[in-house]
Amino acid sequence: MEPGFPPAPAAAPSTGELFIAFLAVGMSGFGGVLPFARRALVERQGWLSEAGFTETLALCQSLPGPNIVNLAVVVGARFAGARGALACVSGLVVAPVALVLLLATLWSRFGADVHVGAAIRGLGAAAAGLVAATSLRMAGPALRKAPLSAGPLMAAAFVGVGLLRLPLPWVLLVLAPVGVLIARRRGP
Amino acid sequence: MKGGGDILLAIFAQFAVLSLLAFGGANAVVPEIHRQAVEAHRWLTDADFAALYAISQAAPGPNLMIASLVGWKAAGLAGGLVATVAICAPSCLLTFWAAKAWDRYRETPWGRALAEGLAPVTVGLVAATAWLLLRAADVNVRLGAVTAIAAAVAGFTRLNPLWTLGVAAGLGFFGLV
């Protein structure tokens, strides 16, 4: 038994129930699905304990891929193996992808309209601001954890990928081992 | 008809690799998506990229739809679906495997060092995403002000970002920015 899950889940959900639950999660969150996922999985369904959610999220955050997609994989696999994981991920992704492709089709048809074009430009400017705020908010905890090394690592990633436009694999190949070795030397 | 096997294969290969590099989520690989799709393959223009990113933020759901939209722009509906599967599948398989080794993984000092050591790099990558979007989106002072206000609202309040996006789109629609 993996830690963090309630010792005896009330009743193991079926793949259908998993699909429906994550379908609802996928459609509920704008610019951040995690609060909705927590409410659905911990409070409404009782599939995970509060601590279990946090622990599972920590695992998901240290792996590549969107946290919420990884969370769907872990929860689905716990209850129904590979089929459960597939049910959760497809439930999570199918509606938002369909909606966004529909929006993009409308954009390709009406984007030439002056007003629609201007609305998209306004949207783009705001979206840029939201991402900037996200990066600033993420910087705080990382800087507190490692005041000396985090700043230079952030700057190197920003300059390498953002300003010099170097390929990401090369940048990660250099910076990831450096970051991990520094964290390992620092210890817990 | 756009599409064909070659371009779908190229889309799959690009996003499958990025899936395994997306530490901290899809926003960390947006600069690389831009570099490959706009600069190398020329599937879309800088302005298209900014518009599609904005659209991806205006829909609910996980933060990976920019991949679906770039695939769609490059090769239509098939391209969008291929890109979606490619950005999800490799990281999902890795997570599926890692969840089974969850205990060992979590307890090792190296496991902790991996999570902590990658965090600052991810912050830098998300900042690079913001920088790229700023340059494409803020073509005049008023749009720059929209970006600054959106960042401030997101940084200092807990307002649902949908309100910010809606107001900004409205300002654009009525010719105010």
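Reminder, nothing fancy here: chain letters follow the sequence lines and each chain counts from 1.
Residue contact with chain B, scored on non-hydrogen atoms closer than 4.5 Å, involves the backbone and the side chain of A/Ala82 alike. The contact between A/Val89 and chain B is made entirely by side chain atoms (from C-beta outward), counting heavy-atom distances below 4.5 Å. If you measure heavy-atom distances from B/Ser68 to chain A, the contacts under 4.5 Å come from both the backbone and the side chain. Contact annotation for A/Pro152: neither backbone nor side-chain heavy atoms come within less than 4.5 Å of a heavy atom of chain B. With a threshold of 4.5 angstrom between heavy atoms, A/Leu181 approaches chain B through side-chain atoms but not through N, CA, C or O. For B/Leu93, no part sits under 4.5 Å from any heavy atom of chain A, backbone or side chain. Contact of A/Leu172 with chain B is made through the side chain alone, with heavy-atom distances under 4.5 Å. With a 4.5 Å cut-off on non-hydrogen atoms, A/Ala85 touches chain B through its side chain but not through its backbone. Contacts of A/Ile68 with chain B are made by side-chain atoms alone, with heavy-atom separations under 4.5 Å and no backbone atom involved. Residue B/Tyr53 touches chain A through its side chain alone, counting heavy-atom pairs closer than 4.5 Å. Both the backbone and the side chain of B/Ala127 come within contact range of chain A, each with at least one heavy atom under 4.5 Å from a heavy atom of that chain.
Between chain A and the options B/Ala152, B/Cys92, B/Ala119, heavy-atom pairs under 4.5 Å are most frequent for B/Cys92. The candidate with the highest count of non-hydrogen atom pairs below 4.5 Å against chain A, out of B/Thr164, B/Leu64, B/Leu69, B/Leu118, is B/Leu69. If you tally non-hydrogen atom pairs under 4.5 Å between each of B/Leu133, B/Asp48, B/Thr95, B/Leu171 and chain A, the highest count goes to B/Thr95. Interface check for chain A: of the options B/Leu134, B/Leu176, B/Leu125, the most heavy-atom pairs under 4.5 Å are formed by B/Leu125. Each of B/Ala26, B/Gly175, B/Ala128, B/Gly155 has some count of heavy-atom pairs under 4.5 Å with chain A, and the biggest count is that of B/Ala128.
At a threshold of 4.5 Å between non-hydrogen side-chain atoms, the residues B/Pro120 and A/Ser149 do not count as touching. Here the side chains of A/Leu63 and B/Ser91 are not in contact, with every heavy-atom distance at 4.5 Å or above. For the pair A/Leu136 and B/Val123, the minimum side-chain heavy-atom distance is 4.5 Å or more.
When all heavy atoms are compared, the tightest approach of B/Ala130 to A/Ala128 is CB-O, 4.3 Å.
Checking each of B/Thr129, B/Leu132, B/Thr147 against A/Val131 for a side chain to side chain contact (heavy atoms under 4.5 Å, CB included) leaves exactly one that passes, namely B/Thr129.
Interface with chain A: from residues 29-41 of chain B, residues B/Val29, B/Pro31, B/Glu32, B/His34, B/Arg35, B/Glu39 qualify, criterion being any non-hydrogen pair under 4.5 Å.
Ring planes of B/Trp131 and A/Phe158: perpendicular class, angle over 60° (limits at 30 and 60°).
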